[in-house]
Peer 1: 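What follows is a structure written as structure tokens; I'll ask about it next.
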Amino acid sequence: MTGKNRDNYNKNYIAYVNSFNPPTQHFKNCFRAFIVGGGICCIGQFLRGIFESAFGLYGDELAAAVSIGLIFLGTLLTGLGVYDRIGRYAGAGSIVPITGFANSVASPAIEFKTEGLVYGLAAKMFIVAGPIIVYGVLAGTIVGMIYLLL
């Protein structure tokens with residue numbers, strides 16, 4: 001095949017493939033991600049207000065309580081099958097907040113629970129989130145050491 005024929009063939013192939021793919025709606029996807037991610041953050045602010053006024057928490061205790069509350073809600077919604085629907089609708093808007101991390105730990109655990117507690121639940125729970133945890137701890141350690149030395 002000569003160069004001109006190859007270029008024509010590639011253009012025809014790309015046009016053929018694109019005829020099956022619907023066009024990406026970037027603005028719509030970004031808007032959905034913004035709304036859902038912002039909604040999750042608003043829920044976090046609501047939890048912050050509740051924990052602050054009802055339980056008198058402040059500072060680090062308040063931040064930890066809000067994080068725990070959001071992780072619990074993300075895991076609960078994953079177990080009920082709701083978070084997957086939210087993720088399909090919102091895309092990155094549901095992945096970026098801490099609830100997305102809870103979903104990435106809970107989803108494989110639920111999926112592989114039929115393989116047993118050790119080989120299924122325990123082994124597969126961190127299949128997605130494991131590298132995030134490892135590199136997060138490593139980066140935190142390095143930053144802590146730099147902070148200690150300065």
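All residue numbers refer to positions in the sequence shown, counting from 1. Below, each value reflects all heavy atoms present in this structure, side chains not excepted, and no hydrogens, waters or symmetry copies.
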Peer 1: Inspect the surroundings of CG in Asn18 and state if more than 12 heavy atoms from other residues, nucleotides or ligands are less than 6.0 Å away.
Peer 2: yes
Peer 1: Drop me the distance from Ile146's CD1 to Leu150's CG, to the nearest 0.5 angstrom.
Peer 2: 7.5 Å
Peer 1: Going by the side chain to side chain contact (heavy atoms under 4.5 Å, CB included) test, name the single residue among Asp84, Leu77, Ile98, Ile71 that passes it with Asn103.
Peer 2: Asp84
Peer 1: Same cluster or not: Phe55 versus Leu62, using hydrophobic residues (I, L, V, M, F, W, Y) connected whenever any side-chain heavy atoms lie under 4.5 Å apart?
Peer 2: yes
Peer 1: Is Arg48 close to Val66 at the side-chain level, that is, under 4.5 Å between some pair of heavy atoms?
Peer 2: yes
Peer 1: Grouping I, L, V, M, F, W and Y whenever their side-chain heavy atoms are under 4.5 Å apart, do Phe27 and Ile35 come out in a common cluster?
Peer 2: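 In one cluster with Phe27: Ile35, no.
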Peer 1: Please report the shortest heavy-atom distance between Ala102 and Thr75, naming the atom on each side.
Peer 2: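 Looks like CB-OG1, 3.6 Å.
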Peer 1: Closer than 3.5 angstrom, by distance alone: can the side chain of Ser94 be matched with the main-chain N or O of Ala90 as a donor-acceptor pair?
Peer 2: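 No; judged by distance alone, with no hydrogens or angles, the pair does not exist.
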Peer 1: Looking at OG1 of Thr99 and CD1 of Ile40, how far apart are the two atoms once the value is rounded to the nearest 0.5 Å?
Peer 2: 3.5 Å
Peer 1: Report yes or no: do Phe101 and Ile86 belong to one cluster of Ile/Leu/Val/Met/Phe/Trp/Tyr joined by side chain heavy-atom distances under 4.5 Å?
Peer 2: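 They do not share one cluster, since no chain of ILVMFWY contacts under 4.5 Å joins Phe101 to Ile86.
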Peer 1: Establish whether Ile50 and Leu73 are linked, either directly or via other cluster members, by ILVMFWY side-chain heavy-atom contacts under 4.5 Å.
Peer 2: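 In one cluster: no.
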Peer 1: Going by the angle between their ring planes, with limits at 30° and 60°, are Tyr16 and Phe20 parallel, tilted or perpendicular?
Peer 2: perpendicular
Peer 1: Strictly distance-based, threshold 3.5 Å: is any side-chain N or O of Tyr89 a donor or acceptor partner for the main-chain N or O of Ala33?
Peer 2: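 Checked: no pair found.
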Peer 1: Are Tyr147 and Met145 joined in one hydrophobic group, where the rule is that I, L, V, M, F, W and Y side chains link up if heavy atoms are under 4.5 Å apart?
Peer 2: no
Peer 1: Could you pull out the closest heavy-atom pair between Thr78 and Ala106, with the gap in Å?
Peer 2: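 Answer, listing the atom of Thr78 first, then Ala106: CG2-CB, 3.9 Å.
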